[in-house]
Amino acid sequence: MNPFTERVLKTIRSIPPGGVMTYGQVAREAGNPRAARQVARILHSMSQKHHLPWHRVINAKGEIAIKDDETALEQQLELEDEGVVVINKKVNLQDFQWRI
DNA sequence: CTTTTGACATGTG
DNA sequence: TCACATGCCAAAA
């Protein structure tokens, strides 16, 4: 597994319950500011295995960026379970974005 | 080989 | 707020 992916996973695992990070933010922390898309791809393929809190990663607008409705709903429920308020698939980043 | 397609971001108008 | 352009890069077609 390449070092960038390692850092992405490590960064996501550092997000506490009740907090969220954006794809771009994760990419920056992992050392490649322009790799937001790769972060998304990594989650799509590896979320199952690495007991990863993938549901705490959303897009820059604070929205759940998933196409598949079932998975999107699952993410919303997980977030609400942790106390994150989700309205119409959107989260208020001012309140819930996690800052390193 | 090239083109298309994303669980995206950011700047501009 | 929305639309559009551009950057990025891997996987699929």
Side-chain angles (χ1 to χ4, degrees):
Chain A
M1 190 165 300
N2 72 345
F4 173 68
T5 303
E6 289 282 1
R7 276 175 301 190
V8 167
L9 299 181
K10 188 180 175 72
T11 301
I12 292 175
R13 277 191 291 256
S14 77
I15 308 173
V20 298
M21 277 180 92
T22 69
Y23 292 96
Q25 193 181 3
V26 171
R28 280 198 304 279
E29 291 302 324
N32 189 343
R34 307 188 207 356
R37 230 159 182 161
Q38 279 69 303
V39 171
R41 196 184 53 72
I42 289 168
L43 295 190
H44 182 63
S45 55
M46 309 200 159
S47 54
Q48 319 298 352
K49 306 182 175 182
H50 307 68
H51 69 78
L52 204 59
W54 59 272
H55 56 275
R56 296 183 194 141
V57 184
I58 58 186
N59 72 19
K61 291 181 285 199
E63 296 171 321
I64 291 177
I66 300 181
K67 307 214 159 196
D68 181 52
D69 288 341
E70 274 192 64
T71 316
L73 181 59
E74 184 186 331
Q75 173 169 20
Q76 173 169 342
L77 295 179
E78 287 269 6
L79 288 174
E80 289 177 334
D81 221 36
E82 299 178 345
V84 176
V85 179
V86 182
I87 298 172
N88 288 351
K89 304 281 178 292
K90 282 190 244 170
V91 172
N92 185 325
L93 289 177
Q94 296 296 323
D95 295 337
F96 299 106
Q97 183 168 33
W98 177 246
R99 298 148 217 284
I100 309 290

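Labels below follow one simple rule: chain letters A, B, ... track the order of the sequence lines, proteins then strands, and each chain is numbered from 1.
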Using the C1' atom as the reference point in each nucleotide, state the distance between C/dA11 and B/dC1 in Å, no decimals. 16 Å

Return the set of residues passing side chain to side chain donor-acceptor pair (under 3.5 Å) with A/D68 (not counting sequence neighbours), or none when no residue passes. A/T71

Name all residues meeting the side chain to side chain donor-acceptor pair (under 3.5 Å) criterion together with A/K90; count only those two or more places apart in sequence or in a different chain, and write none if there are none. none

Within residues 68-98 of chain A, find the residues that approach DNA chain B with a heavy atom at under 4.0 Å, and present them sorted by residue number. none

Restricting to pairs with a member in residues 91-100 of chain A, which pass side-chain hydrogen bond (donor to acceptor under 3.5 Å, both in side chains), not counting sequence neighbours? A/Q25-A/Q97

Please identify each residue that fulfils side chain to side chain donor-acceptor pair (under 3.5 Å) with A/Q38, with sequence neighbours left out. none

5'-most contact on DNA chain B (nearest-nucleotide basis), A/R41 vs A/N59, goes to A/R41

Expressed as a whole number of Å, how far does the C1' atom of B/dA7 sit from that of C/dC2? 22 Å

Taking only residues two or more places apart in sequence or in another chain, which ones pass salt bridge (Lys or Arg N to Asp or Glu O under 4.0 Å) with A/E82? A/R56

Can you list the residues that meet the salt bridge (Lys or Arg N to Asp or Glu O under 4.0 Å) rule with A/E74, with sequence neighbours excluded? none

Report the residues that fulfil salt bridge (Lys or Arg N to Asp or Glu O under 4.0 Å) with A/K67, sequence neighbours left out, ordered by chain and then residue number. none

When the C1' atoms of B/dG6 and C/dT6 are considered, how many whole Å apart are they? 16 Å

Considering only heavy atoms, which members of residues 13-39 of chain A lie under 4.0 Å from some atom of DNA chain C? A/R34, A/R37, A/Q38

Nucleotide B/dA7, atom P - distance to CG of A/L43 in whole Å: 12 Å

Heavy atoms of chain A, cut-off under 4.0 Å: which first and last nucleotide of DNA chain C, 5' to 3', fall inside that, if you could look? C/dG7 to C/dA11

Does the side chain of A/L77 reach to within under 4.5 Å of the side chain of A/L73, using non-hydrogen atoms? yes

Test: side-chain hydrogen bond (donor to acceptor under 3.5 Å, both in side chains). Region: residues 5-18 of chain A. Which pairs qualify, not counting sequence neighbours? A/N2-A/T5

Heavy-atom distance under 4.5 Å between the side chains of A/Q75 and A/W54, does that happen here? yes

Please tabulate, for side-chain N and O atoms in residues 26-35 of chain A, each donor-acceptor pair with protein atoms closer than 3.5 Å (sequence neighbours left out).
from: A/N32; atom 1: OD1; to: A/R34; atom 2: N; distance (Å): 3.3

